[in-house]
Amino acid sequence: MTDAAQTSRFDELALPHLGAAYNLARWLTRNDHDAEDLVQEAYLRAFKSFGGFRGGDVRAWLLTIVRNTCYTRFKRDRAEDSTEVFDEGRHGVDDRAGDPEALALEAATRDQVRAALDELPAEFREVIVLREMEGLSYKEIAAVIGIPVGTVMSRLARARAGLERRLSAGQKKEARLELPRGE
Amino acid sequence: MSCREENETLIHAYLDGELDLLAALKLEAHLRDCAVCARDYRNHQALRAAVIEKDLFFPTPPLLRRRIQRALRAAEKSETGRSSLPLSQRLRFVSRRYGLITAGVAACAVLLALAALRSIPGVSRPSKNDMLAQEVLDSHIRSLMENHLTDVTSSNQHTVKPWFDGKIDFSPAVRDLGPDGFPLLGGRLDYIDGRDAAALVYGRGKHFINLFIWPSGGSPKEKTIGQLGYTLVHWSQNGMSYWAVSDVDRTALMQFVRLVRANPSPAH
């Protein structure tokens, strides 16, 4: 294949996933500017290794590169999240949301959900993005992140518990601010 | 509590459509009987709905697409001449990406290595093989400096080997050599000689060994090159080209090479 043909084939296959790439990058870096730079760097890396690509899921392949580029940059710039420290091994009752009411979760606003997701450590945030926004299967998520499926399952459970805990805490705070109805 | 813990992952898997029919039916029956688990289920369901419905997908900036296409065109132009880029231009590229200090270190390493090459009697201009050696050494050094040694970090060959599926068009043989003193640390995608390469990373004490593998013909005869405290050993085997690079002592590296060559295909 000529270089020009290869380039346009890359464009055809990879550019349609720009939206997914940018969304993941934006959720990981948590700002527009870094996300744009990161996506550009990821696309260049993808382009350079495209010569050996022989089919399969282009989106998953691209998201893997976006993710790796992002974590490389985190390490390099020492720009660790100013969120909770990620701890795979931690497990226990304190992860549970404390029985938030389903209604309270449904009442959460978009800003509240966005803020809660932002607060999660990156490793939890990304499984939520890949599962809920990209609709990847557990197996696909495992391949993108490079972890076993079992770890995907436990991270997802804990990510969701983390969100539930934050959102229900937020709702409780809101409820306390309301005027008493006077029983 | 144990009922909750037992069913927690199952409930999530059920919501994500990942349970087989039998397991799903079993869980549904349990949810009918167990109020605690049923409440967990409702909460997780509500959370999923909250996340999905809120449309948290960030819209792509409109100009990004064009910006990337321009960058790809530029990369395409420089791609054709990349391996023959003069050292000064490559260093400028490095300093833009990695900062001046790391670029300085890279510059010294590469300059000295190249100078060492040129000082070999009888070699006035690097041959293609010498340039390939240079590229392999560059990749090795870069993997250390970037602090990006592995894309997949695991000592388990059954995790590392399948990780490459779908990412490259060949399947490298992966073996943990921990019992022999060379633990597998993980794997990485790399790019050498104009194509994808698999990099398997091993440890030896405080040192790292990069084992680069890509499909290629070539002689099974081992060639050893020493450059500035690094040793590179390369050979071909079973249609693959292998390059082992490290600053570990030569005896240890040769031992590593022997282990890799002895049984390239791991028992499954």
Side-chain angles (χ1 to χ4, degrees), chain A residues 3-4 7 10-11 15 18-19 22-23 26-27 32 35-36 39-40 43-44 47-49 51-54 56-57 60-61 64 68 71-72 75-76 93 96-97 99-103 105-106 108-110 113-114 117 128 131-133 137-138 143 146-148 153-154 156-157 160 163-164 167, chain B residues 1 4 8-9 11-13 16-18 39-40 42-52 54-61 64-65 67-69 71-73 75-76 79-80 98-99 146-148 151-154 159 162-163 165-170 186-187 189-191 194-196 214:
Chain A
D3 279 338
T7 307
F10 178 80
D11 281 9
L15 282 176
L18 178 58
Y22 179 76
N23 184 56
R26 178 59 179 75
W27 275 108
D32 296 329
E36 288 197 39
V39 170
Q40 180 167 320
Y43 265 85
L44 285 171
F47 178 63
K48 288 192 174 99
S49 45
F53 187 77
R54 287 288 179 271
D57 190 342
W61 173 72
T64 308
N68 289 337
Y71 283 98
T72 305
K75 278 184 225 159
R76 197 173 70 217
V93 183
R96 292 202 212 293
D99 302 334
E101 292 296 330
L103 286 172
L105 292 172
E106 280 159 16
T109 66
R110 182 162 133 185
V113 180
R114 194 170 269 194
L117 197 44
I128 295 282
R131 176 77 274 277
E132 311 294 20
M133 299 184 210
S137 70
Y138 287 179
I147 52 177
M153 291 172 79
S154 61
L156 196 53
R160 285 173 175 158
L163 285 175
E164 286 166 23
L167 287 172
Chain B
M1 247 341 139
R4 265 186 111 180
E8 178 173 1
T9 2
I11 291 174
H12 287 288
D16 293 320
E18 296 269 351
R39 189 146 129 210
D40 278 348
R42 275 197 306 277
N43 289 335
H44 299 326
Q45 194 181 36
L47 175 79
R48 288 203 71 220
V51 173
I52 294 170
K54 295 297 181 292
D55 189 23
L56 297 169
F57 209 93
F58 280 102
T60 314
L64 183 58
R65 190 185 179 98
R67 185 180 144 187
I68 288 179
Q69 280 178 305
L72 290 173
R73 292 302 83 78
E76 185 202 351
E79 214 29 53
T80 42
Y98 306 129
E146 242 186 287
N147 207 20
H148 176 219
D151 288 331
V152 54
T153 308
S154 169
T159 301
W163 183 85
D165 289 349
K167 298 185 178 80
I168 45 177
D169 60 353
F170 62 98
L189 288 178
D190 218 308
Y191 186 79
R195 65 149 301 136
D196 284 341
W214 66 88

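Throughout, a chain's letter reflects where its sequence line sits, starting with A, and its residues are numbered from 1.
Between L18(A) atom CG and I68(B) atom CD1 the span is 5.0 Å, to the nearest 0.5 Å. For the atom pair CZ (R48(B)) and CG (L105(A)), the distance works out to 13.5 Å, reported to the nearest 0.5 Å. Note: W163(B) CH2 to I147(A) CD1 = 13.5 Å, rounded to the nearest 0.5 Å. Between atom OH of residue Y43(A) and atom CG of residue L64(B) there is a gap of 8.5 Å, rounded to the nearest 0.5 Å. Here the CZ atom belonging to R114(A) is positioned 6.0 Å from the CG atom belonging to L56(B), to the nearest 0.5 angstrom. A distance of 4.5 Å separates CH2 of W27(A) from CZ of F58(B), quoted to the nearest 0.5 Å.
Both the backbone and the side chain of A13(B) come within contact range of chain A, judged by heavy atoms closer than 4.5 Å. For Q69(B), the part lying under 4.5 angstrom from a heavy atom of chain A is the side chain only. If you measure heavy-atom distances from P162(B) to chain A, you find no contacts under 4.5 Å at all.
By the 4.5 Å heavy-atom criterion applied to side chains, L156(A) and D16(B) are counted as neighbours. Annotation: side chain of M153(A) is not in contact with side chain of H12(B) (no heavy-atom distance under 4.5 Å).
Looking at every heavy atom in both residues, F47(A) comes nearest to L72(B) through CB-CD2, 3.6 Å. The shortest non-hydrogen separation linking S49(A) to D196(B) is CB-OD1, 2.7 Å. In terms of heavy-atom proximity, L44(A) sits nearest to A71(B) at CD2-O, 3.6 Å.
Ion pairing between R160(A) and D40(B) fails under the 4.0 Å rule for side-chain N and carboxylate O. Ion pairing between R73(B) and D11(A) holds under the 4.0 Å rule for side-chain N and carboxylate O.
Per-residue counts of heavy-atom pairs under 4.5 Å with chain A were compared for G187(B), P59(B), G186(B), P61(B); the largest is that of P61(B). Among the candidates L117(A), T64(A), N23(A), L163(A), the residue making the largest number of heavy-atom pairs closer than 4.5 Å to chain B is N23(A). Taking chain A as the reference chain and counting heavy-atom pairs below 4.5 Å, the highest number among I11(B), D165(B), D151(B) is found for D151(B).
Distance alone, capped at 3.5 Å, places no donor-acceptor pair between the Y138(A) side chain and the E18(B) backbone.
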